[in-house]
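To keep things clear, I will list the structure first and then write my remarks on it.
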Amino acid sequence: MTINRLSILAAILLASILSHAQTKELVHYVNTLQGTNSTFELTRGNTYPTTALPFGMNTWTPQTGNNGDGWKYQYFKETIRGFQQAHQCSSWSNDYAVFSLMPVTGKLTLNENERQAKFSHENEIARPHYYKVGLDNGITTEISPSERGAHLRFSFPRGAASYVVLDGYTGLSGVTIDPKNRRITGFVRNGRGMDRIEGMKNYFVIEFDKPFKAEGTWENRDNEQWEEKLEAKGRGVGAYVQFRDGQTVQAKVASSYISIEQAQRNLDRELGKDRAFEETQMTAKKTWNEHLSRVFVEGGTEEQMKTFYSCFFRASLFSRKFYELDKDDKPVYYSPYDGTVHEGYMYTDTGFWDTFRAQFPLNALLYPEMHGRYVAGLLDAYDQCGWLPSWSFPSEAGSMIGNHAISLLADAWAKGLHTFDPQKALDAYYHEATNKGPWGPANGRDGWKEYWTLGYAAYPKTGEATAKTLEYAYDDFCGYQLAKMTGNTFYQDVFGKQMYNYKNVYDPSVGFMRGRKLDGQWLEDFDPYTWGGPFTEGNAWHYLWSVFQDPNGLIDLMGGEENFNKKMDSVFTIDNKVNVGTYGRMIHEMAEMQMADMGQYAHGNQPIQHMIYLYNYSGQPWKSQAKAREVMENMYSSTENGYPGDEDQGQTSSWYVLSAMGFYSVCPGTNEYVLGSPVFEKMTISLENGNKFIIKADGNNKSNVYIDEVFLNGEEYTKDYITYQDIMKGGEFNLKMSAEPNKQRGIEEKDEPFSLTRK
Ligand code: CA
């Protein structure tokens, strides 16, 4: 071998090492078991090991809980009873359109309790693109996802009969077995969100790669009588198929809300005719690696990498696609709002009370095209059901409080996503704000008459009235903001009069937001530690800060910056005691606040999640920097205990992802992201427009959490926020980090983030 050939070989070797480093498999940093160690009393994320593609219509998961139990996978459980197609946002909302497959060896057992098999986590691999578990009975199950389906592989032990059981779950279902084509087709109809729409079904197609030895149908409600029939319909109807002993069997599954034909089309398009399991697995892995590389981090510890990418993974599941591609590749969807098929895009599975805060401001940054489609879909939903969605699952559930669709619409507009008619959006919001809908407290506006006439929702006439007043005032700001940006003077005037209504529920005599009665008097027996009553899943300590649109106005109400800062500081230092109030018992959010041990700072729930960023408005930005880092370091991890409470449809993950970038969306509806302190030394955000925004934090580590100096594209940058437009332009945001706070930086009025009230 000549020197020349040797050096060529060395160059090739070097190139391959370099390219390997560049294509580092980010998906391997993701642990989909993050947050799964959750119970009714205390949740560490309330998640399940979601096996899915980004924003995929269906997700897949092992099932440890009973059929119909929202706690579908709990880390401490020892048995699995099925592998199910899922959608669930949270155990509290249960699920819809579920069915499951379970491999069984030896004797045919159908009952979900009898067929369940033991497993341990050491025989489990849980990644977004690939889930694998070796059950104690010798069966191995593998799952790799596509957008509307999944590829499963069951490896059975030798010398024993091998079955796959299809469970039709809790509602009406139907199955047809086609042994010649090794196929089962059918539908399920379960979950409140499907029951709302008459005739709504989830159609599925399952194709096996091996011939059946025997097959039949069964009914899980009628205690598992099975019959050698090829077709059945009823509540909880399923099927079983037997294969030659000890085989490895692949099953390709896809579903559709439109028809069996469309489900078959989804399967053929996504999972191919003769595709091997490995190919689906590789495709899913590539998709995730490309997706996760949109935010490429460097520096930081291994655990920080794992936490970041696990959170980024979960933030990348919502909003969930609800559209399918027809024979001409055009997007079409079955509307969960009117039960007919429409052309265009639709998404679902999100509750805006949680997700307006960070999930959508993150989506607007990373996926503007999808987000533009998403907000346009809100007005399509309005056309179809007469209301703007507030909690889609998959139809409108109206859960929690507020009319936050307007937050998404105003936020999108402020960020240049002009994909909808703003006049129509404002009309729809006006209708929302001056009516009460039939489907839950956040469908229309609870207490709207008093809110418009008295300037606040009155307690106890309206439950959780003070929390509602605060969030309505913010929503009205968003209406005002959208009107202002689009030159609509009428609505600018209408909503502009309401957006300061937060002042009507602040009682200076106690220094808190407080319940207020119909006659204008304050609710008696004020106690800031008491949960519920006029508040939602929180107390007065948590809701004092819910003035996203006007922190300066709040500072004035509270007697100036010094008092404000003192109160902010005290949130973290006072007792973490809980008075259960109208809840009458400890709810998990209370237990999580106590577990966090940061006084009354209840990061495990949404109301206070923006609060630590408010020091930027009160002349002490360095405290936001330190607290953001403390929360990221202490309350998040990549493990089964990885969240400080419910994850909530990507919101709590998005809080982490944005905060790890070094900023947070305090007031969606503006184009600003307010500064905190980034986790990594370097982060490269590859934007959809092809630009790269690089956040460099020189000297960053666990001690150097303070920002000493900032440069944007080489120019000194003194502001305490960065705009969406500046990020989208691409460039370099260079922060010099320090162990000591720089108390001179970012304290001038001109550097403060948006507030309706200027000082
Ligand atoms: Ca929550």
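Residues take their numbers from the sequence shown, with the count starting at 1. Read the numbers this way: they start at 1 and go in the same order the structure lists the ligands and their atoms.
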> Near the Ca ion (ligand 1), which protein N/O/S atoms fall under 3.0 Å?
Replying inline: Asn605 OD1, Gln606 OE1, Asp648 OD2
>> Regarding Asn501 and Tyr456, do their side chains bring together a donor and an acceptor under 3.5 Å, going by distance alone?
In response: no
> Any side-chain donor paired with an acceptor under 3.5 Å for Asp646 and Thr43?
Replying inline: yes
> If you look only at pairs with a residue in residues 402-413, which of them pass as a salt bridge (Lys or Arg N to Asp or Glu O under 4.0 Å), with sequence neighbours excluded?
Replying inline: Asp411-Lys415
>> Walk me through whether Glu396 and Arg192 qualify under salt bridge (Lys or Arg N to Asp or Glu O under 4.0 Å).
In response: CA-CA 10 Å; Glu396 168 58 4; Arg192 272 174 295 175; over 6 Å; no
> Do Gln600 and Asn576 have side-chain atoms, one donor and one acceptor, less than 3.5 Å apart?
Replying inline: no
>> Within the 3.5 Å criterion, strictly below it, is a donor on Thr670 or Tyr721 matched to an acceptor on the partner's side chain?
In response: no
